[in-house]
Amino acid sequence: MKSLFVFALFLLALQTMNAQENNSKDDYQAFIIGGHLKNMHLWHGSVVHPGAMIATSIEYNSKNKKFTFGFWGGASFSTIDVENNATGKNESAYYKEVSIYTKYRFSDVFFIEAVSHNNYTGVEERGDKLQFWSYDKTQGYNFVDVSFGYNVTPNTLLYLATIVNGGSGDYEIQTDGSLKNSWTHYFEVQSKVWQKKEASLSLFVGGAWSFITDKTFYTNNAGNIINVGATLSKNVNIGTYKLPIGVTTMWNPEQEKMVLQLDIALF
């Protein structure tokens with residue numbers, strides 16, 4: 001029933017968007033695709049996958065640019081080891097994620113966003129049944145983030161995200177064995193501090209905490225700063241083609257981990 005409901009909504013949305021396209025006489029494009037090649041994948045101070053991967057996306061944007069709905073997918077070229085629950089042996093698993101996101105921009109400076117993160121890397125390899133639409137607390141790979149963003153200046157963004165419903169292990173086990181949702185909050189400040197022609201440098205710092213539990217989705221014992229770094233973005237000229245690239249250096253004080261991510265925007 002859930003799948004049929006989602007499919008019906010998708011068909012209705014397609015009909016509405018098609019009508020908008022037919023009535024449009026300008027250069028508005030409702031659908032946009034994207035592709036990025038990365039040496040690793042970072043998210044909120046975490047190394048989601050440590051090896052090379054490709055990220056793709058397809059999204060719909062309303063004509064007034066306020067509403068966005070899309071799909072983001074990641075797939076790796078390398079594997080990680082996953083322990084099989086039945087045999088206890090390590091199995092090789094490729095990073096696989098298909099996430100769904102939607103965003104609404106109330107103004108040029110304020111937006112709300114919801115993302116369903118569906119990272120099913122190693123699910124079948126460890127002996128579990130793959131259930132893409134399951135958000136069971138203990139299943140370990142599906143959860144929803146609800147976030148708000150506010151540009152206090154044209155170059156500075158305040159970003160607050162909250163994990164809802166305890167998905168993917170965002171809970172603390174109580175003494176009686178019950179599971180208490182953490183509702184982990186992640187807050188980040190990012191600011192572009194330098195720009196010259198087609199190059200720019202942005203700094204960011206982010207932290208996570210819970211008002212309900214000591215453990216959070218990102219930390220083991222208490223809230224902490226988990227994401228500090230900088231991103232240098234520029235265009236690399238290849239003949240007449242300009243290839244956008246970004247290099248991010250990220251330090252996670254909680255995990256005492258530092259990494260460098262290369263992000264090449266293919267299209």
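For clarity, every value in this text was computed on a predicted model and none was experimentally measured. Atom set for the values below is all heavy atoms of this structure, side chains included, hydrogens, waters and symmetry mates excluded.
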Side-chain heavy-atom pair [X], [Y] within 4.5 angstrom cut-off:
X: H36; Y: I54; result: no
X: D81; Y: S92; result: yes
X: I225; Y: W251; result: no
X: Y186; Y: E188; result: yes
X: H117; Y: N142; result: no
X: L130; Y: V123; result: yes

Between [X] and [Y], does any side-chain donor sit less than 3.5 Å from a side-chain acceptor?
X: S134; Y: D136; result: no
X: S210; Y: S182; result: no
X: H49; Y: S78; result: yes
X: Y101; Y: S57; result: no
X: N61; Y: E59; result: yes
X: T184; Y: D170; result: yes
X: T153; Y: N155; result: no

Are Y104 and F106 an aromatic pair by the rule of ring centers under 6.0 Å? yes
If you group Ile, Leu, Val, Met, Phe, Trp and Tyr by side-chain heavy-atom gaps below 4.5 Å, do [X] and [Y] land in one group?
X: Y159; Y: L42; answer: no
X: V98; Y: F143; answer: no
X: L201; Y: M258; answer: no

Does [Y] offer a backbone N or O that forms a donor-acceptor pair with the side chain of [X] under 3.5 Å?
X: S107; Y: V109; answer: yes
X: N252; Y: G45; answer: yes
X: D176; Y: S178; answer: yes
X: N237; Y: G239; answer: no
X: E97; Y: T121; answer: no
X: N85; Y: R126; answer: yes
X: K196; Y: W194; answer: no
X: Y28; Y: K63; answer: yes
X: N118; Y: Y141; answer: no
X: N84; Y: K89; answer: no

Is K129 paired with E124 through a side-chain N to carboxylate O contact shorter than 4.0 Å? no
[atom1]/[X]: more than 12 non-hydrogen atoms of other groups inside 6.0 Å:
X: K103; atom1: NZ; result: yes
X: N221; atom1: CG; result: no
X: K66; atom1: NZ; result: yes
X: E256; atom1: CD; result: no
X: I32; atom1: CD1; result: yes

Could you go through Y171 and T138, starting from their C-alpha distance and side-chain angles, then the distance that decides it, and tell me whether this counts as side chain to side chain donor-acceptor pair (under 3.5 Å)? CA-CA 9 Å; Y171 57 82; T138 59; 5.6 Å; no
Using the six-membered ring wherever Trp is involved, compare the ring planes of F67 and F69 and label them parallel, tilted or perpendicular (cut-offs 30° and 60°). parallel
Ring-plane angle category for Y60 and F31, please: parallel below 30°, perpendicular beyond 60°, tilted otherwise.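 Tilted.
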So, using ring-ring contact (aromatic ring centres under 6.0 Å, His included) as the criterion, who are the partners of W72 when residues are at least two apart?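 Listed in chain order: H41.
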Checking side chain to side chain contact (heavy atoms under 4.5 Å, CB included) between N227 and each of W43, Y218, F187, F204, which is the one that passes? F204
